[in-house]
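Remarks on the structure that follows.
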Amino acid sequence: MAALRANDGGDVDLVLLDFRLPDLHGLDVCRALRAAGSSVDVLAVTSARDLAVVRTAVSLGVTHYLLKPFTFAAFRDKLERYADYRAQALADGEVAAQHEVDQMFATLRGTAGHSLPKGLDAQTLDRVRAALTDGTRAAVGLSATEVSASTGISRVTARRYLEYLVTVDRAALSPRYGTPGRPEVEYRPR
């Protein structure tokens, strides 16, 4: 807070803020920023998983909420999305239509067409997601072998895409017991 006050927020675009600070909760820092008239953007980097905290963060204008532990790729993605959003937001003039505002929010929130990790293809991901969310089998969960059979891709490839869906919180995995040997891993849509 002292650094932002000393700078008047002029050169600071984004604050990386942990909510579990030793002397003050990060939400209190956000409230103080807003009360002081600061419009600096905040990226919460925290282990706080309580939905009330998330709702309050959104109401205080937190632009991104990154849960610990996270991968560097997830952190980089948030920063790149923020940079894209910031470039759009700093343009002069007015927006011509609703779709331009929607595009800005999509860029920030992650629904814009950003690239997948190396080696993953959007069409294949759509096929895997469709197989996983098929209403008749989604409640039971599917193994990589079953997704492979359903989509026509190899089991190894199906597993890579399923693991990606788990990392972006679009699928959950759990062990499947019932046959001799190691339990099979099954995936369910979130």
Side-chain angles (χ1 to χ4, degrees), residues 1-21 24-130 133 161 164-171 189-190:
M1 290 297 296
L4 288 172
R5 280 190 201 112
N7 189 13
D8 289 335
D11 294 333
V12 178
D13 297 327
L14 180 68
V15 172
L16 304 179
L17 181 62
D18 193 334
F19 281 2
R20 297 184 190 225
L21 302 172
L24 189 66
H25 195 282
L27 288 176
D28 294 328
V29 174
C30 288
R31 284 185 190 97
L33 284 168
R34 299 309 175 227
S38 175
S39 61
V40 68
D41 293 319
V42 176
L43 190 160
V45 181
T46 182
S47 59
R49 297 173 184 272
D50 184 9
L51 283 175
V53 171
V54 175
R55 283 191 302 271
T56 303
V58 170
S59 72
L60 291 171
V62 171
T63 58
H64 283 296
Y65 198 100
L66 188 58
L67 283 174
K68 294 178 183 177
F70 54 86
T71 64
F72 176 74
F75 182 60
R76 181 183 61 221
D77 181 62
K78 296 288 187 199
L79 291 177
E80 288 173 351
R81 288 179 192 281
Y82 177 76
D84 291 346
Y85 159 78
R86 185 85 178 154
Q88 293 173 32
L90 291 178
D92 288 332
E94 297 180 355
V95 293
Q98 180 65 44
H99 76 276
E100 291 180 13
V101 174
D102 293 342
Q103 178 60 41
M104 286 179 65
F105 277 94
T107 299
L108 187 60
R109 298 295 178 220
T111 55
H114 284 314
S115 61
L116 293 168
K118 187 175 180 176
L120 297 186
D121 172 71
Q123 289 177 326
T124 306
L125 181 62
D126 288 342
R127 288 173 61 190
V128 169
R129 191 180 303 134
T133 58
Y161 281 87
Y164 171 75
L165 290 172
V166 170
T167 63
V168 296
D169 206 27
R170 295 291 184 213
R190 281 192 186 230

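All residue numbers refer to positions in the sequence shown, counting from 1.
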Any donor-acceptor pair under 3.5 Å linking the side chain of T46 with the backbone of D18?
no

Under the criterion side-chain contact (heavy atoms from CB on, under 4.5 Å), I'd like the reasoning laid out for R81 against T63: C-alpha separation, chi angles, the key distance, then a yes or no.
CA-CA 10 Å; R81 288 179 192 281; T63 58; over 6 Å; no

When rounded to the nearest 0.5 Å, the distance separating CZ of R129 from OG1 of T133 is 8.0 Å

Subject >> Working for side-chain contact (heavy atoms from CB on, under 4.5 Å), residues L120 and L125 >> reply: CA-CA 7 Å; L120 297 186; L125 181 62; 5.8 Å; no

Heavy-atom closest pair (A48 atom, V53 atom, distance to 0.1 Å) is CB-CG1, 4.1 Å

ask   = Should the heavy atoms of other residues, nucleotides or ligands under 6.0 Å from CD of Q123 be counted, would the total exceed 12?
value = no

Check your understanding: Is the number of heavy atoms from other residues, nucleotides or ligands under 6.0 Å of R86 CZ greater than 12?
Key -> yes

Hits for side-chain contact (heavy atoms from CB on, under 4.5 Å) against R31, two or more places apart or cross-chain, chain-then-number order -> L27, D28, T56, L60

Check whether any side-chain heavy atom of Y85 lies under 4.5 Å from a side-chain heavy atom of D41, and answer yes or no.
-> yes

Taken to the nearest 0.5 Å, the spacing of K78 NZ from L108 CG works out to 9.0 Å

Contacts of F19 meeting ring pair (Phe, Tyr, Trp, His ring centres under 6.0 Å) (sequence neighbours excluded), chain-then-number -> H25, Y65

Shortest non-hydrogen pair, V62 vs C30, comes out as CG2-SG, 4.0 Å

Heavy-atom closest pair (R49 atom, R20 atom, distance to 0.1 Å) is N-NH2, 4.1 Å

Between the NE2 atom in H64 and the CG atom in L14, the distance rounded to the nearest 0.5 Å is 8.0 Å

Exercise. Step by step, would you call T71 with T167 a side-chain contact (heavy atoms from CB on, under 4.5 Å)?
Worked result: CA-CA 9 Å; T71 64; T167 63; over 6 Å; no

